[in-house]
Amino acid sequence: MKKNLPRRKALASLLVKPAGPDCNLACAYCFYREKSAVFPETPVRRMSDEVLAETMRQAFDQAGAGVSIGWQGGEPTLMGLPFFEKAVEFQIRFGKGKSVGNGLQTNGLLLDRRWAKFLREYHFLVGLSLDGPKHIHDRYRLKAGGQPTWREVVDRAEMLLDEGVETNALVVVNDFSVKFPEEIYGFHKGLGLVHMQFIPCVETDPADPTRGALFSAPAEAYGDFLIKIFDLWRADFRGGEPTAFVRWFDSLFFLYVDREPPECTLLAECGNYLVVEHNGDVYACDFFVEPAWKLGNVLEGKLVHMLNSARQNDFGRAKSRLPSPCRACSWLRLCRGGCPKDRVRDPRDGGLSHFCAAYKKFFAHADPHFRALAAAWKQDQQK
């Protein structure tokens with residue numbers, strides 16, 4: 001009798017951190033600043049041409065029809081525009097006719113018109129970190145000296161939109177911003193950022209590892225926030241179609257029409273992408289760049305082998321090890337227990353998500369509406 005082997009995963013998505021955890025901001029809620037301790041060799045982290053070329057070569061050699069590459073940090077634009085021009089040159093050289101989707105997550109401060117023209121020409125999707133109006137954004141998103149950043153980021157948003165760059169708003173929902181769903185949604189829509197991604201903030205309190213840091217979004221309040229954003233989103237439908245787009249809602253819709261969602265937090269298992277750090281080290285997940293989940297180095301092994309390694313498979317399966325309240329929950333097929341980083345810092349522990357109460361509240365409100373949207377969509381597909 002043949003032993004059931006894990007399904008071999010195709011290399012389809014990479015998250016590349018060319019400047020590691022280095023950043024030109026000092027946001028109070030940033031989870032990645034602490035990763036500097038993982039790379040003590042140098043005070044400044046920058047990806048070499050050798051690591052960049054090898055990452056791009058392997059990405060196309062080992063991918064199927066195409067690959068998605070997310071450039072994140074820290075702040076990836078610290079590398080300078082010539083680095084990204086070189087990255088595109090390597091993609092063209094090694095592409096072999098395969099498709100590529102580039103995404104750049106940035107605080108925007110270093111962008112100018114030259115950057116914008118490049119991003120538009122090569123079809124980069126820009127995720128711009130902007131938490132909403134000034135009093136919300138400047139609560140936590142400050143420079144190292146405490147200076148505010150809102151005006152500069154809004155200027156960059158307007159420049160990107162003016163230059164025709166596809167731009168999404170990345171909004172961190174924390175203990176303060178969670179109080180202002182209408183204001184945040186309306187602000188981004190008014191600015192022209194109709195594609196929004198809301199990222200709930202929760203980090204461990206260094207003084208008490210059993211609770212979230214003070215800037216974390218409270219679960220009940222985050223549930224109310226999601227409900228209000230959902231109602232605003234639905235109110236903006238025209239002719240049965242949305243005019244604003246919220247990534248998590250779009251991903252949930254996939255589940256309602258029996259398709260695999262694009263957002264990894266909604267999958268039954270983790271481990272479907274890799275993180276490549278500035279020095280070529282490869283990790284299981286953006287939220288677990290730590291020695292326990294290091295898979296290798298791009299200069300010493302194949303990415304696709306790391307993606308399908310025993311360690312990566314173990315990391316992925318850990319998500320499905322859930323406590324009994326999750327296994328008995330009627331919403332499990334939708335939330336899948338939440339992202340492991342929202343449960344505990346060690347994904348091998350099957351604790352409840354910090355946002356469990358939020359998701360229960362939200363799904364109870366949104367489920368009938370999603371069902372109606374899915375039924376209408378399925379009917380359209382049969383025409």
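- Checked by atom type and distance alone, the side chain of N168 never pairs as donor or acceptor with a backbone atom of V246 at under 3.5 Å.
- A donor and an acceptor atom, one from each side chain of N313 and E269, are nowhere located under 3.5 Å apart.
- With respect to K294 and E277, no salt bridge is recorded, no charged nitrogen being found less than 4.0 Å from a carboxylate O.
- Salt-bridge check for D155 with R151: passed, with a basic side-chain N closer than 4.0 Å to an acidic carboxylate O.
- Checking N107 against N24 by side-chain atom types alone, a donor-acceptor pair falls below 3.5 Å.
- In the displayed structure, E50 atom CD is contacted under 6.0 Å by at most 12 heavy atoms of other residues, nucleotides or ligands.
- In summary, the side chains of E183 and H135 do present a donor paired with an acceptor at a separation below 3.5 Å, with no hydrogens or angles considered.
- Ion pairing between D61 and K302 fails under the 4.0 Å rule for side-chain N and carboxylate O.
- Using a 4.5 Å cut-off on side-chain heavy atoms (C-beta onward), V171 and L130 make no contact.
- The backbone N or O of W150 lies less than 3.5 Å from no partner atom in the side chain of K134, so there is not a single donor-acceptor pair.
- Between Y222 and H354, the distance separating the two ring centers is not shorter than 6.0 angstrom.
- Proximity of the aromatic rings of Y140 and F176 is defined here by a centroid distance below 6.0 angstrom, and this criterion is not met.
- No close placement of the F230 and F225 rings is indicated, their centers lying 6.0 Å or farther apart.
- Ring centroid separation for the pair F363 and W331 comes in under the 6.0 Å cut-off.
- In this structure, the side chain of S177 engages the main chain of V172 through a donor-acceptor pair within 3.5 Å.
- Ring-centre distance between F254 and W248: not below the 6.0 Å cut-off.
- Distance check, rounded to the nearest 0.5 Å: OG1 of T106 to CH2 of W71 gives 14.0 Å.
- Remark: R333 CZ is packed, more than 12 non-hydrogen atoms of other residues, nucleotides or ligands lying under 6.0 Å away.
- Of the possible donor and acceptor atoms, none in the side chain of R311 sits under 3.5 Å from a partner among the backbone N and O of M306.
- For F355 and F362, the gap between ring centers reaches or exceeds 6.0 Å.
- The aromatic ring centroids of F249 and F245 lie 6.0 Å or more from each other.
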With side-chain contact (heavy atoms from CB on, under 4.5 Å) as the criterion, how do V276 and L303 come out once you've worked through the C-alpha distance, each side chain's angles and the decisive distance to 0.1 Å? CA-CA 9 Å; V276 182; L303 290 171; 4.2 Å; yes
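- For F118 and F84, the distance between ring centers is not under 6.0 angstrom.
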